[in-house]
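What follows is a single structure, written as structure tokens, with notes after it.
Here, residue 1 is the first one in the sequence, and each next residue gets the next number. The shown structure was predicted, so the numbers you read here are calculated from the model rather than taken from an experiment.
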Amino acid sequence: MEFRQLECFIAVAEELHFGRAAARLCMTQPPLSRQIQLLEQDLGVTLFERSSRQVELSAAGRRFLRDARHLLEYSARAAATARRTSGGDAGHITLGFTAVASYRLMPSLIMRARKRLPGVEIQLRETVSTDLSRLLVARELDAILARSVPQQAGIASRLIEREPLVLALPAGSPLCEQAVVPLRLLQGQPFVLYSPREGKYFYDRIVGAFGLADVQPDYVQRASQTHTLLALVRAGLGVGIVPDSARELRLEGVEFRSLGQRDLYADMYLAWQAQHDNPALGAFLEQVAEVRAASAA
């Protein structure tokens with residue numbers, strides 16, 4: 001059974017006239033009749049009841065007409081999907097991200113992707129930065145949003161966001177009276193710090209900034225995740241420094257103030273395998289991430 005035979009059958013079934021059906025298909029009547037005969041032989045049924053005056057669908061023909069239309073429709077849809085996939089307008093990518101990226105950046109990228117690439121399915125996978133790098137190198141992820149990029153040949157990256165670090169304070173803290181808090185005011189203050197292992201990126205940045213400013217807070221607690229750190233700040237255990245996107249958590253009892261140090265920020269990179277064969281990833285990088293990177297710049 002060939003698609004051309006289905007096209008011929010549908011034309012005759014809708015016209016109920018071999019002459020009109022042949023004209024519609026831009027062919028002569030004898031080849032059309034031959035296609036219908038071959039189809040009937042292949043199926044082992046009679047599709048049309050023919051007489052000298054009219055053509056009617058048989059019971060089998062009426063049932064087969066619906067399925068024949070579906071087959072041609074699926075065929076056309078499959079061809080269109082293949083063309084869209086080849087051009088990156090359809091397909092699938094797996095995007096890994098850290099918890100902090102989910103506060104603001106990742107939702108922004110996904111909303112833009114759904115608008116610009118509605119045919120691309122994006123599977124999201126949250127994990128810690130060290131696992132993100134490993135999974136990207138192993139090609140288990142198509143792309144990652146991470147604070148640092150794997151230092152390995154073949155990995156491409158792009159700075160996608162640079163956000164300032166801000167001070168998180170428990171409501172009612174005397175420091176809330178300051179619109180901008182310089183680091184020197186944190187000398188001796190109870191301070192909730194990121195863990196040097198799970199929160200290494202922020203730990204290194206914050207401790208390094210204090211060292212350069214010759215400021216020594218009183219480190220009272222450590223936290224591996226931003227939302228945990230904010231919960232400890234809310235409990236009044238101390239103040240903390242977090243990325244600006246932490247404001248999106250809208251945790252009651254926690255206030256944020258800018259820091260009087262302009263070079264204290266956190267970068268977020270989009271990284272991927274430079275050599276890949278996924279057109280959907282190429283389209284995502286070109287139409288979605290490129291816009292975000294330009295905005296960050």
Side-chain angles (χ1 to χ4, degrees), residues 1-96 106-107 109-126 135 138-143 272-273 275-289:
M1 185 170 60
E2 301 174 358
F3 285 118
R4 183 57 175 170
Q5 293 173 344
L6 295 180
E7 292 173 349
C8 292
F9 166 71
I10 292 172
V12 176
E14 291 177 348
E15 299 291 344
L16 292 178
H17 191 283
F18 278 82
R20 289 195 298 270
R24 168 175 156 180
L25 296 171
C26 299
M27 61 190 300
T28 58
Q29 187 170 332
L32 174 61
S33 298
R34 179 59 179 163
Q35 291 295 325
I36 298 300
Q37 291 172 359
L38 291 173
L39 180 59
E40 289 180 320
Q41 290 173 11
D42 186 53
L43 296 175
V45 299
T46 298
L47 297 173
F48 295 101
E49 302 292 347
R50 305 170 178 86
S51 69
S52 58
R53 301 184 60 179
Q54 63 181 7
V55 176
E56 295 288 343
L57 280 167
S58 67
R62 287 193 296 272
R63 173 68 184 184
F64 185 65
L65 177 59
R66 184 185 66 179
D67 294 335
R69 285 170 171 160
H70 287 168
L71 285 171
L72 287 185
E73 188 178 308
Y74 291 148
S75 171
R77 190 181 307 164
T81 299
R83 287 191 291 269
R84 291 199 307 272
T85 301
S86 177
D89 295 328
H92 176 276
I93 66 172
T94 303
L95 177 66
M106 184 272 291
L109 285 179
I110 297 305
M111 286 189 290
R112 183 176 290 111
R114 293 184 66 183
K115 181 178 180 181
R116 295 187 175 218
L117 301 169
V120 173
E121 178 188 357
I122 301 178
Q123 181 181 350
L124 300 171
R125 187 167 176 182
E126 178 191 345
L135 293 171
R139 295 184 180 271
E140 294 184 35
L141 296 173
D142 291 303
W272 66 95
Q273 290 280 355
Q275 299 296 325
H276 66 86
D277 58 358
N278 187 346
L281 175 59
F284 177 82
L285 295 172
E286 179 182 349
Q287 298 191 33
V288 179

Exercise. Give the minimum heavy-atom separation between Ala143 and Leu281, together with the two atoms involved.
Key: CB-CD1, 4.1 Å
Practice problem: Could you tell me whether Arg69 and Glu14 have a side-chain N and a carboxylate O separated by less than 4.0 Å? | Solution: yes
Practice problem: To the nearest 0.5 Å, tell me how far Ile110 CD1 sits from Leu95 CG. | Solution: 5.5 Å
Quiz item: Should the heavy atoms of other residues, nucleotides or ligands under 6.0 Å from CZ of Arg63 be counted, would the total exceed 12?
Solution: no
Quiz prompt | side-chain contact (heavy atoms from CB on, under 4.5 Å) involving Ala23 - partner list, sequence neighbours excluded | solution = none
Self-check item: Side-chain heavy-atom pair Gln35, Leu39 within 4.5 angstrom cut-off
Solution: no
Quiz prompt | Gln41 side, atom CD; Thr46 side, atom OG1 - distance, nearest 0.5 Å | solution = 10.5 Å
Practice problem: First locate atom CG of Leu57, then atom CZ of Phe9, and finally report the distance between them rounded to the nearest 0.5 Å. | Solution: 5.5 Å
Quiz item: His70 versus Arg66: any side-chain heavy-atom pair under 4.5 Å?
Solution: yes
Exercise. Provide the closest heavy-atom pair for Arg50 versus Phe18 in the form atom of the first, atom of the second, distance.
Key: NE-CZ, 3.9 Å
Quiz item: Should Val45 and Phe64 count as side-chain neighbours, where that means a heavy-atom distance under 4.5 Å?
Solution: no
Quiz prompt | Atom pair CD/CZ of Gln29 and Arg20 - distance to nearest 0.5 Å | solution = 11.0 Å
Quiz item: If you draw a 6.0 Å radius around CG in Asp277, do more than 12 non-hydrogen atoms from other residues or ligands fall strictly inside?
Solution: no
Quiz item: Taking all non-hydrogen atoms of both residues, which atom of Ser58 and which atom of Glu49 are closest, and how far apart?
Solution: CB-OE2, 3.7 Å
Quiz item: Taking everything shown except Arg114 itself, do over 12 heavy atoms lie less than 6.0 Å from its CZ?
Solution: no
Quiz item: Shortest non-hydrogen contact from Ala113 to Phe284?
Solution: CB-CE1, 4.0 Å
Exercise. Examine distances only and state if a side-chain atom of Glu40 and a backbone atom of Leu47 form a donor-acceptor pair shorter than 3.5 Å.
Key: yes
Quiz prompt | Reported CD-to-CG distance for the pair Gln123 and Leu141, which is rounded to 0.5 angstrom | solution = 9.0 Å
Exercise. Determine whether more than 12 heavy atoms belonging to other residues, nucleotides or ligands lie under 6.0 Å from atom CD of Gln275.
Key: no
Self-check item: Gap between atom CE of Met27 and atom CZ of Arg4 - 0.5 Å precision
Solution: 5.0 Å
Quiz item: Just by modelled atom types, is the Thr94 backbone N or O under 3.5 Å from a matching donor or acceptor in the Asp142 side chain?
Solution: yes
Practice problem: Kindly give the heavy-atom pair with the smallest separation between Leu32 and Cys8, and that separation in Å. | Solution: CD1-CB, 3.4 Å
